[in-house]
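A short write-up of the structure that comes next.
Per chain, numbering begins at 1; letters A, B, ... match sequence-line order.
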Protein chains: 2
Amino acid sequence: MKGFYSHYIDDDSWLIKENKWEHSLQNIHEALFSLGNGYLGVRAVLEEIPLGAMPGTYIAGVYDKMFSQVAELVNLPNPFNFTATAEGEKIALGIMDVLKHQRILNLKKGLLLRHTLYQSSKEHRFDYQCLRFVSMKNKNTGVMQIALTPLDSACEIDINTQIDTSVYNGPILTEGQKRHFRIKELGQFRNAGYLLVQTPEKKHTIVYWSGLYYEINGRKILAKDSILKIKLKKGQTIIFTKIFCIKCFPSQSKIVKHKREAFKKFYKVLHTEFDVLVEEHIKSWEKLWQKAGILVEGKADLQQNIRFNIYHMLICAPADNGFSSIGARTLTGEGYRGHIFWDAEIFLMPFYLFTMPKIAKNILLYRCSRLKRAREIAKKLKFRGIMFPWESADTGEEETPAWARDIDGSITKVYTHKMEHHITADIAYAVYNYFIATGDERFMERYGYEVLFETARFWVSRAEYNKEKNRYEINHVIGPDEFHVNVNNNAYTNMMAKWNLTVARKMFYKIREDAPSVSQRLQRKLKLKCEEVKNWKKVASLISINMNKEGVIEQFDGYFKLKKVILTETDENGMPVLPRGLKIKELAKTQLVKQADTLMLLYLLSDNFDLKTKKVNYDFYIKRTLHKSSLSPSIHSILALECRDLHRAYDLFNVSLCIDINNLYGNTKDGIHGACLGGTWQAIVFGFAGISIKEERLFIDPRMPRSWKRMIFSLFWKGKRLKLDLTNESIKLRAVSSKEEEIEIGIFDKLTSIRTNEDYVFEREMPALITEYYY
Amino acid sequence: MKGFYSHYIDDDSWLIKENKWEHSLQNIHEALFSLGNGYLGVRAVLEEIPLGAMPGTYIAGVYDKMFSQVAELVNLPNPFNFTATAEGEKIALGIMDVLKHQRILNLKKGLLLRHTLYQSSKEHRFDYQCLRFVSMKNKNTGVMQIALTPLDSACEIDINTQIDTSVYNGPILTEGQKRHFRIKELGQFRNAGYLLVQTPEKKHTIVYWSGLYYEINGRKILAKDSILKIKLKKGQTIIFTKIFCIKCFPSQSKIVKHKREAFKKFYKVLHTEFDVLVEEHIKSWEKLWQKAGILVEGKADLQQNIRFNIYHMLICAPADNGFSSIGARTLTGEGYRGHIFWDAEIFLMPFYLFTMPKIAKNILLYRCSRLKRAREIAKKLKFRGIMFPWESADTGEEETPAWARDIDGSITKVYTHKMEHHITADIAYAVYNYFIATGDERFMERYGYEVLFETARFWVSRAEYNKEKNRYEINHVIGPDEFHVNVNNNAYTNMMAKWNLTVARKMFYKIREDAPSVSQRLQRKLKLKCEEVKNWKKVASLISINMNKEGVIEQFDGYFKLKKVILTETDENGMPVLPRGLKIKELAKTQLVKQADTLMLLYLLSDNFDLKTKKVNYDFYIKRTLHKSSLSPSIHSILALECRDLHRAYDLFNVSLCIDINNLYGNTKDGIHGACLGGTWQAIVFGFAGISIKEERLFIDPRMPRSWKRMIFSLFWKGKRLKLDLTNESIKLRAVSSKEEEIEIGIFDKLTSIRTNEDYVFEREMPALITEYYY
């Protein structure tokens, strides 16, 4: 794309492109090309809002539920709309003839660029270029600049760039479309427009300030209004710059004060040079990529797609100290109503934990600041301790809708919130791993230990003692594999509960020794006696899983007796296809699995299982897993790599990498699959780069595909930044830290001492073995 | 429909029903079931606004053009929306299961009634009933009442009944969808909501006041807000009543004053009992039906459909002294952007002229108050006098868009405004007929004569003298048959122009004699000399048409030389179908005709042609006419009747009668075909009832189909109301008047003197002849 904004375009490895406008791809591209900064998320709806467009403007954590079963991420008024009409003809895709059209998302700079060449019915051409971004520097701010040139004749142009309030949350099943806000105020003040909307139930109040200036013949004019009429000469370019600030405040009170504050912020931005605004924004992005970038020398689109994945985790990274977390579809769509699942802690958190640990902390703070609700949920079901909701929104209450659509499209009652209890252990797991990676004692003292103890308590109350078998059972659950509802002793759930109890007990004794005052305070607060902790050990020791004589773990009681169905056919991506004649309703009667379940266990508690067990189970379950969740391929890729099923490891990785960019699950229009972004990152880092944590130590043992020549990235680990430059044969390493010290790192499976702030190069001792990884 | 509003339901001959909700019929029914009162027109969009709904709220005469080629009738915020959500499930069609659904438009009372029985996903039933109307008494007022009952369980209901601002003018060709208003103010005041919107270009300012009260357990509560939450017990009925006032004022000035005035009006209505509001409204409708009703004893649905046709003319009757006229699709949709064509004067006006002459006057006032623009149009094209625009909106400027969609869907350049000049004679014709029927000298003195003289002047300047042939030619025109563009000497246009000149001259000499002061004033004002009027006679006498030796009038010069194509096949309604293989683009090369053109001439200037000429031409053109306009079947029906092609007369009539109710032209969704309503009425009255005007006298000579036993209706004629009770054999007649006098009426082709306020019964002298009409 040559043109007005060409200096903002980096090389192809940073770009995602739309080279043609296709109506059928419109809603998918809106999600893919989204902009955001963790506070704001904006779908890349075209400025002219073509028919069928699904505008989406979201503020992290802003939910409402007046007209829905459960709370929904609110689709707020769209500030990025801009319509231009030339003598009654709309300069818009789907309306005028399009001679050329391109949009580019520059991942490096967080800019969305556009260049469209139109031709009217009178055969007059219009050159239309646009640059927009949601500032990574000033998180309330968005900027859009449009350069418009009538190429063939003078003309009068009508502009409408009001903030569009006619948006709505998309239609859902039993609810239809709905608007989760109402307009409370609007008006003009000092050449700026303001809009104040409020959500009807929760009274979130959102103020918009918006201003427009345009430059013509070198003169800069501040528009008095968002609707204007301008005469242009042939060949004359007009440049519109629209600046807006959006700020949400929690209640109806102090509206005047908040409005004024937002105005001040806006006014400052409005009077900052456009170039300065862009540069500040780009600099903020540079810093992010320094922390989170992964350079892979390999095929071109691989690098692009990896950056695309990381980009999407950067634009949804919550920076609000626990006000919000990351919903299943990030801030790019309304899938799952913006609800937060285990996806956030188990799939996404590792990325943040190892690149920007503060964000990982925020993700945990989101849960930790809602423990009161988690306690209420447990209490309501007559359990003890805390129990996290399966789907969570703003309050931390259970937000799972009573009904949902099944994968065959039929309406089905939802049981996940009643049975998918593993999430409580998953969050405890994330808390513990956060602690291991960061050593953040303060967090643990304030929240972490309490979560570990209270979740342990929950599992004790949740487990039932079976006298006959002398074991504790966790019955009536759903594991990660949601095909099988209401099962007993799901191996994943049981082992995670057992782990939870064990770790809680371990930490209990650790702080009793290391920090007795903390321990005492917590014991008092939680009325936690040593006898109770002793019982955790007993219960943990009596929670078990079934295993057959080959060492295959039974996913749940009776699973082996289900109908054996082996997946043989695959689609063009190497993904298994549902055997013909098998109905969705019958899946529960078969051994077919929706997604990693037992294998998820082997992945998360990797240390607890030997390679032989992993291989046996991998071989068994891979033939039975349909990957009907975007959470599945990445985890399987990592296990496949460990089990040396290399070709499949790479196939599954590529599926995971491209789920959204290629719309492989067919529902990218509803937003980017957040968990999949995180899973893909884990497959890159914990899979191919060979990073693993064993006994609280970080190991590096690269095992990249042959086509990957080299990986360069960095990881935060226990307060240091490890700068890594890897090939399968060598590890270049520097641990950047403010302190000079010695640390132990696992190099090719061998613990090695290194000093911070020094460069190291290690060569693999037996490079011959590497050929094994040829794929 | 039994239920809450059953006492508002009349017998079937007054009802239009929707017995099932079908998504594909949604937009058609929105048009068919529209409400209106001449000031406001509201499409019958369902209160819950299902997906794909096309809400339409129009104020007669309110156009804007900021974002369109030409002015468009503005689709204003929709006050009739109401969504109810029961525990997160939307009580709405397309969302909940529907056990029963019915809507009834009661034509007699102007009420839209609804009864829907829903079932939620939890299998709880909800009874939903609704009554709404746009008051015929207080034209700014609308009322909606909803009775909601949860039948199977207690529940909490969320109500949202804000005025919906997210409506837009539907997408057109080169323009896309657009919003022709902006929200200027909104807020709450004394338990009422107000909304102030403004059109961006013309600054029409529209204020809405809206209030809601609900009754539960006999208590009436005024809601403080349009969003509310209410708990209902099982079986408990809540009745919501929403009252709104809409008022448009012309400019930005005095907003406060107008808002206050509108509030006063609203406040009064809000505090009037619902029953009283309905009764007042019904009484106003009663009066309308007394004037405009036609009782036909015959088949049931015939009566229903006739009433449906008349209903739609009653709800769009302009009562604003010329601020607006009737657009091509009335106030029921956005087809033709709400523009006004000759449809208003030639097709619709006769209905009003003979039932409510004040409305007919308003239709003419619409033109007469825009003579300045008409003069400018003529001047711009270097003609003299006045020239009316082919498409007109608010200003009276030419509003024909440069492009439109052809009947084959392709985009085509529009020439109508450049060539379809007959409209100028058509309006003169309407003015003259208004005068004949009403004798309204005041109107003529103020406007009428000027229109006649100035249009005559136009035609003299428009015609070109052909020396060789010693005739005046009107070249480069389009006649009513728009298949043939840029033709010379279109018979219809020529003869209407000739008629215009002749009548203008006649009236000139008439007033010179009868009202010399009027004549002098006009002569001065128009600088009209007697020589000029003499020239009118000369020009008129030298305008001619071609006729072949059989007496067939050539539609335009060279028409007979075009390819002869005879229509033979017909569809299930007896309508001709396009011969296979013939392309739309080739139509111009054939003798095929879009709609009545030469026959339109024979109809409008009936007196000037003998029956033989009519028959010859009817036989010729009927075989060549495709009726690709809803203006065509009715006129052909009348001529078919006159030419004794009785079966076809009735077929064509039935097509005309059912064009909208059966969506025969496939575009009823864009609004009711106004001209067709008027044409159908003319076919009933001037066709089957045998009413005709000959030499300024009204004749009655019924010639109904055998299945019509009797017709009862009344007509205004020269200040009297003629109450008619007709069979083919007898005429019962009473001329109601405030004066006792003797008048002459043509009874069965024979002029007869009758006295006002006396009953007469005339029997046909030769009833045997009637059998001729057997069909």
Side-chain angles (χ1 to χ4, degrees), chain A residues 48-51 65-72 83-97 120-122 158-160 162 164-168 170-179 182-188 195 198 200-201 225-229 401-403 411 413, chain B residues 48-51 65-72 83-97 120-122 158-160 162 164-168 170-179 182-188 195 198 200-201 225-229 401-403 411 413:
Chain A
E48 64 267 41
I49 323 289
L51 269 187
K65 63 184 282 187
M66 185 78 157
F67 306 109
S68 48
Q69 281 188 71
V70 289
E72 295 187 335
T83 57
T85 312
E87 280 146 12
E89 286 194 57
K90 194 168 172 184
I91 303 176
L93 293 176
I95 305 286
M96 278 198 184
D97 286 343
S120 76
S121 61
K122 290 174 193 157
D158 293 316
I159 302 296
N160 185 349
Q162 293 182 93
D164 184 11
T165 55
S166 67
V167 301
Y168 52 81
I172 291 188
L173 216 55
T174 55
E175 293 157 36
Q177 61 199 70
K178 60 210 91 97
R179 195 161 295 132
R182 57 196 301 182
I183 305 168
K184 291 289 282 185
E185 284 182 29
L186 40 73
Q188 289 283 125
L195 169 69
Q198 190 177 67
E201 176 121 354
D225 193 2
S226 54
I227 293 181
L228 56 158
K229 206 180 250 302
W403 303 86
I411 293 177
K413 214 163 173 173
Chain B
E48 64 267 42
I49 324 287
L51 270 186
K65 63 184 283 188
M66 184 81 157
F67 306 109
S68 49
Q69 281 189 71
V70 289
E72 296 187 333
T83 57
T85 312
E87 279 145 13
E89 287 194 56
K90 195 166 172 185
I91 303 176
L93 292 176
I95 306 285
M96 278 198 186
D97 286 343
S120 76
S121 61
K122 292 175 192 157
D158 293 316
I159 302 297
N160 185 350
Q162 293 181 93
D164 184 12
T165 54
S166 65
V167 301
Y168 52 81
I172 290 187
L173 217 55
T174 56
E175 294 158 36
Q177 60 197 68
K178 62 211 89 101
R179 193 161 297 128
R182 57 194 304 184
I183 304 170
K184 293 288 281 185
E185 284 182 31
L186 42 73
Q188 290 281 127
L195 168 70
Q198 190 177 67
E201 176 120 353
D225 194 1
S226 53
I227 293 182
L228 57 159
K229 206 181 251 302
W403 304 86
I411 292 176
K413 215 163 172 175

Check: Got Leu195(A) and Thr165(A) here, is their nearest side-chain heavy-atom distance under 4.5 Å?
Finding: yes
Margin query: Just verifying a value: how many Å separate Lys90(A) NZ and Asp158(A) CG, rounded to the nearest 0.5 Å?
Written below: 12.5 Å
Margin query: Can you list everything that forms a side-chain hydrogen bond (donor to acceptor under 3.5 Å, both in side chains) with Gln177(B)? Sequence neighbours excluded, please.
Written below: none
Only pairs of heavy atoms separated by less than 4.5 Å count here; which of [options] has the most with chain A?
options	value
Gly94(B), Ser121(B), Ala402(B)	Ser121(B)
Met66(B), Lys65(B), Glu48(B)	Met66(B)
Ile95(B), Thr83(B), Asn160(B), Asp164(B)	Ile95(B)

Check: With a 4.5 angstrom heavy-atom cut-off, which part of Ile91(A) approaches chain B: side chain, backbone, both or neither?
Finding: neither
Notebook entry, point to check: So what's closer than 4.5 Å to chain B heavy atoms on Leu228(A): side chain, backbone, both or neither?
Noted result: backbone
I need the residue from [options] with the largest number of non-hydrogen atom pairs under 4.5 Å to chain B.
options	answer
Met96(A), Lys178(A), Lys229(A)	Lys229(A)
Gln188(A), Glu185(A), Arg179(A)	Arg179(A)
Ser166(A), Pro50(A), Gly187(A), Pro401(A)	Ser166(A)

Note to self: Whether the Glu175(B) and Thr85(A) side chains hold a donor-acceptor pair (N or O, under 3.5 Å, no angle test) is what I'd like checked.
What the structure shows: no
Checklist line | Residue part contacting chain A, namely of Lys413(B), when any heavy atom lies under 4.5 Å | finding: neither
Checklist line | Contact origin within Gln162(B) toward chain A - heavy atom pairs under 4.5 Å | finding: side chain
Margin query: So that I can tick it off, tell me whether Glu87(A) and Lys122(A) are bridged by a salt bridge, with the cut-off set at under 4.0 angstrom between side-chain N and carboxylate O.
Written below: yes
Notebook entry, point to check: Counting N and O atoms only, with roles assigned by atom type, does the side chain of Arg182(B) sit under 3.5 Å from a partner on the main chain of Pro200(B), one being a donor and the other an acceptor?
Noted result: no
Check: Taking only residues two or more places apart in sequence or in another chain, which ones pass side-chain contact (heavy atoms from CB on, under 4.5 Å) with Asp97(B)?
Finding: Gln119(B)
